[in-house]
Amino acid sequence: MKLRPMTNEDLAAVIKIQERITRAPVSDNWREMLAQHVGNKHLPGIVAENEGKVMGFIFGEVKVGGFGAEISGWLEMVGVAPENMGAGIGRALAEELLRHFRAQGVRDVLTSVMWDSGDMLAFFKNMGFDRSPYINLQLTLRDD
Ligand SMILES: CC(C)(COP(=O)(O)OP(=O)(O)OC[C@H]1O[C@@H](n2cnc3c(N)ncnc32)[C@H](O)[C@@H]1OP(=O)(O)O)[C@@H](O)C(=O)NCCC(=O)NCCS
């Protein structure tokens, strides 16, 4: 298995994996967001590949000056093709992203998980994540 930066040629495979995980088509906004993670050191995107086939992806953000921190790393999304789950690919991708963050001077890495997503919580806990000092706030805008 090879870990490498995501390229424009990988986008279709990444979209396919995401659609298989969520069982729903990705939106145009999602495609645009994904494309921003190519060749952008502040928006890293990494794929895991085996014999030319993309098996998983991860992307994040190096946030400068956000939330009172000088610099922080955000793990935004990770996904592994269903037939390749449980084989260490998610861990390898996360560790590669953490190396990228470290090289950028990041010390604190943050992520956010749906409160009822036990699988993702277990994965992040296994990677060494713990509760952060931040709390998420939400405001839902209503139609006028
Ligand atoms: C979560 C996910 C990224 C993990 O990747 P993976 O390649 O399957 O996980 P790994 O094999 O690298 O496992 C890494 C560690 O996390 C743990 N882990 C992974 N998935 C787990 C799960 N579902 N439940 C409990 N622990 C889990 C493993 O036990 C492993 O621990 P170890 O290294 O000490 O053995 C992957 O399963 C996935 O894409 N899931 C779907 C994500 C999803 O639902 N996305 C929708 C919202 S974005």
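First listed ligand is number 1; within each ligand, the first listed atom is number 1. Note that this is a predicted model, so its numbers are computed, not measured.
Between A122 and ligand 1, no pair of N/O atoms sits closer than 3.5 Å. For a threshold of 3.5 Å applied to N or O pairs, the pair formed by G86 and ligand 1 contains at least one separation below that value.
Which parts of ligand 1 touch V78 is read off a 4.0 Å heavy-atom cut-off, strictly below it: atoms 3 (C). Heavy-atom contacts of A87 reach the following atoms of ligand 1: 11 (O) (cutoff under 4.0 Å). The ligand atoms of ligand 1 that sit less than 4.0 angstrom from a heavy atom of G79 are 39 (O). Under a 4.0 Å criterion applied to the non-hydrogen atoms of G88, ligand 1 contributes the atoms 10 (P), 11 (O), 12 (O).
Among all non-hydrogen protein atoms, the one lying nearest atom 42 (C) of ligand 1 is M120 SD, 3.6 Å. For atom 45 (N) of ligand 1, the nearest non-hydrogen atom of the protein is I21 CG2, 3.5 Å. The single protein non-hydrogen atom nearest to atom 7 (O) of ligand 1 is G90 N, 2.7 Å, given as residue, atom name and distance. When hydrogens are left out, the protein atom nearest atom 19 (C) of ligand 1 is F123 CD1, 3.9 Å; that is the closest non-hydrogen contact. For atom 22 (C) of ligand 1, the closest heavy atom belonging to the protein is D119 O, 4.0 Å.
L93 and L121 fall within a single hydrophobic cluster, where Ile, Leu, Val, Met, Phe, Trp and Tyr side chains are chained together by heavy-atom contacts under 4.5 Å. F129 and V78 fall within a single hydrophobic cluster, where Ile, Leu, Val, Met, Phe, Trp and Tyr are joined by side-chain heavy atoms under 4.5 Å apart, directly or via other members. Under a hydrophobic-cluster definition in which Ile, Leu, Val, Met, Phe, Trp and Tyr are linked whenever side-chain heavy atoms come within less than 4.5 Å, directly or via other members, L43 and L34 are assigned to different clusters.
Side-chain atoms of D10 come within 3.5 Å of backbone N or O of T7 as a donor-acceptor pair. Between the side chain of S117 and the backbone N or O of D119, no donor-acceptor pair lies under 3.5 Å.
Relative ring orientation between W30 and F59 is described as perpendicular, the plane-to-plane angle rising above 60° on a 0-90° scale split at 30° and 60°.
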Does the pair K53 and E49 meet the rule for a side chain to side chain contact (heavy atoms under 4.5 Å, CB included), with working shown? CA-CA 5 Å; K53 185 169 180 275; E49 177 200 297; 5.8 Å; no

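Other residues, nucleotides and ligands contribute more than 12 heavy atoms inside 6.0 Å of the CG atom of N84.
Ion pairing of E95 with R91 is present here, as a side-chain N (NZ or NE/NH1/NH2) and a carboxylate O approach within less than 4.0 Å.
Inside a 4.0 Å radius of atom 47 (C) of ligand 1 there is not any protein heavy atom. Of the protein's heavy atoms, none falls inside 4.0 Å of atom 35 (O) of ligand 1. Distance check for atom 2 (C) of ligand 1: every protein heavy atom is found at 4.0 Å or beyond.
Closest to atom 28 (C) of ligand 1 by heavy atom, among N126, I58, T22, V80, is N126. The heavy atom nearest to atom 40 (N) of ligand 1, out of those in M85, M127, R91, R20, is found in M85.
Judged purely by distance below 3.5 Å, without hydrogens or angles, the side chains of H37 and E76 pair a donor atom with an acceptor atom.
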